[in-house]
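One structure is given here, and the rest of the page talks about it.
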Amino acid sequence: VLAAGLCVLACATALTMITRARAAEEQRTRLIWLAGAGAVAGSGIWATHFVAMLAYSAGMPIAFEPGLTVLSAAIAMGLCGVGFAVALMAGGAVGGMICGFAIAAMHYAGMAAVQLPARGVWDFPYVSASILIGVSLSGLALHFAFRGRMRRDYVLGAGLFALAIVGMHFTGMAAVRF
């Protein structure tokens with residue numbers, strides 16, 4: 001519940017920052033808002049993953065490799081920033097799909113950081129489904145958020161973006177057995 005709550009707040013904040021970027025007249029100001037939105041969304045994606053991983057009960061001691069853990073956060077922030085910039089220039093759906101790949105890349109990089117005295121066995125149909133959920137719902141989220149300037153479009157976009165993150169992560173966790 002905490003992970004999902006953090007996710008919703010991060011998504012709403014990131015989309016609010018994107019509205020500032022859309023309204024900015026100067027390119028530099030627009031880029032600053034987009035970078036900030038990418039950082040907020042990426043941090044929210046990472047926090048959703050990490051808080052859920054802290055709650056995950058594997059029945060054995062669990063640790064996280066620091067370098068891959070930090071890299072997973074950087075992947076989410078960087079790719080979300082790129083996705084938001086693409087959404088602003090080329091359309092919400094395309095940029096949203098890049099953000100969906102950011103969610104998946106962050107999750108699976110984060111899973112590579114997990115250290116357990118066990119071997120992970122992956123169910124690849126679930127892995128594929130998790131990626132499809134993240135990419136398609138993120139594309140839909142930014143499509144709605146960028147199609148207009150009405151508050152309901154942003155609320156729907158933020159909700160779908162949060163659903164993409166949570167849905168991708170929890171489906172991705174169903175894909176592995178230790």
Side-chain angles (χ1 to χ4, degrees), residues 3-8 10-12 14-15 18 34 37-56 58 62 64-65 67-116 118-147 156-178:
L6 288 169
C7 182
V8 168
C11 290
L15 288 182
I18 290 170
L34 288 173
V40 167
S43 296
I45 292 165
W46 184 86
T48 300
H49 171 84
F50 204 75
V51 168
M53 287 304 297
L54 291 174
Y56 180 68
I62 188 170
F64 303 94
E65 197 281 314
L68 282 174
T69 301
V70 170
L71 177 63
S72 69
I75 288 169
M77 290 181 213
L79 283 179
C80 279
V82 169
F84 294 153
V86 168
L88 197 62
M89 294 183 286
V94 175
M97 291 171 70
I98 293 170
C99 291
F101 282 113
I103 299 166
M106 183 270 113
H107 175 76
Y108 290 107
M111 291 305 293
V114 172
Q115 297 176 333
L116 287 169
R119 186 174 54 105
V121 178
W122 293 92
D123 183 337
F124 288 101
Y126 271 106
V127 171
S128 299
S130 73
I131 295 168
L132 183 61
I133 287 167
V135 171
S136 61
L137 288 178
S138 291
L140 198 57
L142 291 192
H143 165 75
F144 283 116
F146 278 76
R147 77 175 180 176
L156 179 59
L160 286 169
F161 195 36
L163 187 60
I165 296 166
V166 171
M168 186 277 134
H169 277 94
F170 293 153
T171 304
M173 287 307 295
V176 66
R177 298 281 180 259
F178 294 100

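Throughout, residue positions are numbered sequentially from 1 according to the sequence presented.
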Could you check whether any side-chain heavy atom of [X] comes within less than 4.5 Å of a side-chain heavy atom of [Y], counting everything from C-beta outward?
X: Phe64; Y: Val114; value: yes
X: Phe170; Y: Ile133; value: no
X: Met77; Y: Met106; value: no
X: Phe124; Y: Val127; value: yes
X: Phe101; Y: Ile131; value: yes
X: Val176; Y: Tyr126; value: no
X: Tyr108; Y: Ser130; value: yes

Rounded distance (nearest 0.5 Å) linking atom CG of Leu34 with atom CZ of Phe84: 8.5 Å
Atom pair OG1/NE2 of Thr69 and His49 - distance to nearest 0.5 Å: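 Answer rounded to 0.5 Å: 7.5 Å.
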Residues Leu142, Leu15; criterion side-chain contact (heavy atoms from CB on, under 4.5 Å); working and verdict: CA-CA 9 Å; Leu142 291 192; Leu15 288 182; 3.6 Å; yes
Closest approach of [X] and [Y], non-hydrogen atoms and distance?
X: Gly96; Y: Ser138; result: O-CB, 2.9 Å
X: Ala10; Y: Val40; result: O-CG1, 3.6 Å
X: Ala3; Y: Ala52; result: CB-N, 4.1 Å
X: Thr48; Y: Cys7; result: OG1-CB, 3.1 Å
X: Leu68; Y: Ala112; result: CD1-O, 3.6 Å
X: Ala105; Y: Leu79; result: CB-CD1, 4.4 Å

Main-chain N/O of Gly139 paired to His143 side chain as donor or acceptor, under 3.5 Å: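 Not confirmed, His143 side chain does not pair with Gly139 backbone.
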Working for side-chain contact (heavy atoms from CB on, under 4.5 Å), residues Trp46 and Ile75: CA-CA 9 Å; Trp46 184 86; Ile75 288 169; over 6 Å; no
Enclosure of Met53 CE (heavy-atom neighbours >12, cutoff 6.0 Å): yes
Candidate list Leu137, Ile103, Val8, test side chain to side chain contact (heavy atoms under 4.5 Å, CB included), partner Phe161, passing option: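 Exactly one pass, corresponding to Ile103.
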From CA spacing to verdict: side-chain contact (heavy atoms from CB on, under 4.5 Å), Ile45, Met168: CA-CA 10 Å; Ile45 292 165; Met168 186 277 134; over 6 Å; no
Worked check of side-chain contact (heavy atoms from CB on, under 4.5 Å) between Leu88 and Phe146: CA-CA 8 Å; Leu88 197 62; Phe146 278 76; 3.8 Å; yes
